[in-house]
Number of protein chains: 2
Amino acid sequence: MTVPRAAKTQRRTRIQEEKEERILDAALDVFSSSGFRGATIDQIAEAAGMSKPNLLYYFRTKEAIHRTLLERMLFTWLEPLQAFDADGDPETEIRSYIRRKLEMSRDFPRESRLFANEILQGAPHIEDEINGPLKALVDEKAEVIRTWIKAGKLARCDPYHLIFSIWATTQHYADFDVQVRAVLGENRAGEGRFEDAARFLEQLFMRGLGISAA
Amino acid sequence: MTVPRAAKTQRRTRIQEEKEERILDAALDVFSSSGFRGATIDQIAEAAGMSKPNLLYYFRTKEAIHRTLLERMLFTWLEPLQAFDADGDPETEIRSYIRRKLEMSRDFPRESRLFANEILQGAPHIEDEINGPLKALVDEKAEVIRTWIKAGKLARCDPYHLIFSIWATTQHYADFDVQVRAVLGENRAGEGRFEDAARFLEQLFMRGLGISAA
DNA sequence: GTAATGTTTTACCAACCGGTCAAATTATCA
DNA sequence: TGATAATTTGACCGGTTGGTAAAACATTAC
């Protein structure tokens, strides 16, 4: 008996902590490469090195694992945009935003793919977050960009599509990694590809937005 | 008896033609929003308005449907890049490439998502196409871009990352449609969003690549 | 019209899926 | 140490899944 399944808000054993972490890590592997429906508990359990019932002792359902992963991911995912500072100057802010997003694609590709999978399938599990907090945050930062434009610090452009294009270009290196590697070939697909991408994107956006050339 | 299942290269009945088309259309719906593993034959059959065994009379396996869709899609998908003309001038070529890719995101979002799903999951079914024809095509066009740069018609930049960034920004409007709509809100998420995107992207790339301002 | 061919349906199967249960095992702590 | 609570396991269940078999039904060609 004893129903500590997935923690009762308090009192988490060392084992609980450890196993839950292992499950989430394994689940991130599986969900990010198969989507929610395509993933099976057995796959996750095997990747985590435990039996299915044992896994279900820590997370009651497949959805519970998925939900936990999405919550964690969303937080870190939006952090770089949070950092966007209205008082900073556009060049620094945009340049470092691109850089941070690119670093996230490099260091957390599975999280990026988890998110991509979720959105691709219509965001059934994070509809509220998308329509609520995420939209609010983007609205806020779009306003910041607009003030920069009004102050003549930035070429006139649609701030929403600017944000979309930064998301798209940076996340591409995580979500379409297989394609990027294949196209670049063995010589150029090493870790250096992120440096190359950073150089290209910074130039593109700096010049494209009428900021001093890169 | 009679084993015409999925066509014996010749002699296709009107009914065959018609039903296969209906199946592929339904399958595109399902695969593009659930991925290969997440899709079920039953879902496809229901969407196509026929029984599962009936569907399996036309396509022997789930994989056969998926393979057919991917083949068709890849052809149309790469066509715009094919059109990239070395003798044209960079401004026209790049501008119309962006425009065509954006139109494809608008008119064939399901195809875009089918492709995105496949790449996200590691491209298990189109590995060969990616490493072969696709890479070759990109290599060829990257060379075209390089000659433009050498001729001083374009700012110096990495042609591969240029192509990636066009792919990423345009396909974003199909693959991340749910997010785009949510962020833009009801007022600005109408069909006009593609016009806005086109305007923004053309400006970004034209200026970013050192071509006359948009 | 009838025979051959093409199409659809009903019934079915074995494997897999998410999840439960109760018993067995292990860790914790007084 | 022993009692108690935490963890792990194997056996199991009902529903779903990809796919088959065979017969009923429809269409076409002669």
Side-chain angles (χ1 to χ4, degrees), chain A residues 1-24 26-27 29-31 33-70 121 124-125, chain B residues 1-24 26-27 29-31 33-70 121 124-125:
Chain A
M1 314 327 90
T2 76
V3 195
R5 278 173 140 166
K8 327 176 56 174
T9 55
Q10 298 249 263
R11 292 241 42 131
R12 307 180 63 219
T13 319
R14 174 182 40 82
I15 293 183
Q16 258 171 58
E17 202 94 33
E18 208 178 288
K19 292 285 168 81
E20 281 175 18
E21 227 39 55
R22 243 169 64 198
I23 292 169
L24 289 172
D29 268 350
V30 179
F31 280 130
S33 66
S34 298
F36 180 74
R37 287 221 53 198
T40 75
I41 299 184
D42 286 281
Q43 283 177 317
I44 299 171
E46 198 194 329
M50 63 182 73
S51 67
K52 182 168 61 173
N54 196 183
L55 180 149
L56 287 164
Y57 171 73
Y58 294 101
F59 291 90
R60 249 184 289 269
T61 63
K62 180 174 150 183
E63 269 207 65
I65 311 174
H66 193 242
R67 202 181 318 121
T68 307
L69 281 175
L70 281 177
Q121 322 205 340
H125 305 100
Chain B
M1 315 316 110
T2 76
V3 194
R5 279 172 138 166
K8 328 175 57 174
T9 56
Q10 299 247 260
R11 291 239 45 130
R12 307 179 64 217
T13 319
R14 175 180 39 81
I15 294 182
Q16 259 172 58
E17 202 93 34
E18 208 176 287
K19 293 287 169 77
E20 282 175 18
E21 225 42 53
R22 244 170 62 199
I23 292 169
L24 288 172
D29 267 350
V30 179
F31 281 131
S33 65
S34 298
F36 180 75
R37 288 222 52 195
T40 74
I41 300 184
D42 287 282
Q43 284 177 318
I44 299 170
E46 198 194 328
M50 64 182 74
S51 67
K52 180 168 62 172
N54 196 183
L55 181 150
L56 286 165
Y57 171 74
Y58 293 102
F59 291 91
R60 251 184 287 269
T61 63
K62 180 174 150 182
E63 268 208 63
I65 312 175
H66 194 243
R67 202 180 318 122
T68 306
L69 280 175
L70 281 176
Q121 322 206 340
H125 304 101

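Heavy atoms only: backbone and side chains are in, while hydrogens, waters and symmetry mates are out. In what follows, chains carry the letters A, B, and so on, assigned in the order in which the sequence lines appear, proteins first and then strands, with residues in each chain numbered from 1.
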Open item on the list: Is the phosphate of D:dT7 approached by A:Q16 (side-chain N or O, under 4.0 Å from OP1 or OP2)?
Closed with: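 Answer is yes, contact under 4.0 Å.
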Task: Short side-chain N/O contact to C:dT9 OP1/OP2 from B:N54, under 4.0 Å - done: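 Indeed, a polar side-chain atom of B:N54 lies that close.
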Tell me the interatomic distance from [X], atom [atom1], to [N], atom [atom2], rounded to whole angstroms.
X	N	atom1	atom2	answer
A:M50	C:dT26	CE	C1'	15 Å
B:Y58	C:dT8	OH	C1'	8 Å
A:E20	D:dA6	CD	P	14 Å
A:F36	C:dC17	CZ	P	14 Å
B:R60	D:dA21	CZ	P	13 Å
B:L56	C:dT9	CG	P	13 Å
A:K62	C:dT20	NZ	P	14 Å
A:Y57	C:dA27	OH	C1'	11 Å

Open item on the list: For DNA chain D, which residues of residues 41-49 of chain A approach it to below 4.0 angstrom with any heavy atom?
Closed with: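 Going residue by residue through residues 41-49 of chain A, none turns out to have a heavy atom under 4.0 Å of DNA chain D.
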Open item on the list: Show, in sequence, the C-alpha distance, side-chain angles and deciding distance for A:K19 and A:R22, and conclude whether the side chain to side chain contact (heavy atoms under 4.5 Å, CB included) test is met.
Closed with: CA-CA 5 Å; A:K19 292 285 168 81; A:R22 243 169 64 198; 3.6 Å; yes
Task: OG1-CD distance between B:T68 and B:E63, expressed to the nearest 0.5 angstrom - done: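 Separation between the atoms: 11.0 Å.
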TODO: Look up atom CD in A:E20 and atom OH in A:Y57, then write down how far apart they are to the nearest 0.5 Å.
DONE: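 Nearest 0.5 Å value for the CD-OH distance: 10.0 Å.
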Task: Most 5' of B:K19 and B:R37 on DNA chain C, judged by nearest nucleotide - done: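 In this pair, the answer is B:K19.
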Under-3.5 Å N/O pairs linking protein and nucleotides 10-15 of chain C:
none

Let me have the donor-acceptor pairs involving side chains of residues 40-51 of chain A, under 3.5 Å, with sequence neighbours excluded, atom names and distances please.
from	atom 1	to	atom 2	distance (Å)
A:T40	OG1	A:Q43	N	3.0
A:Q43	OE1	A:T40	N	3.0
A:S51	OG	A:N54	N	3.4

Task: Geometric class of the B:F36/B:H66 ring pair [parallel <30°, tilted 30-60°, perpendicular >60°] - done: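 Taking B:F36 first and then B:H66, their aromatic rings sit tilted (interplane angle of 30° to 60°).
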Open item on the list: Students often get this wrong, so: under 4.0 angstrom with heavy atoms, is A:A64 touching a base, only sugar-phosphate, or nothing?
Closed with: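 A:A64: no heavy atom of the nucleic acid under 4.0 Å.
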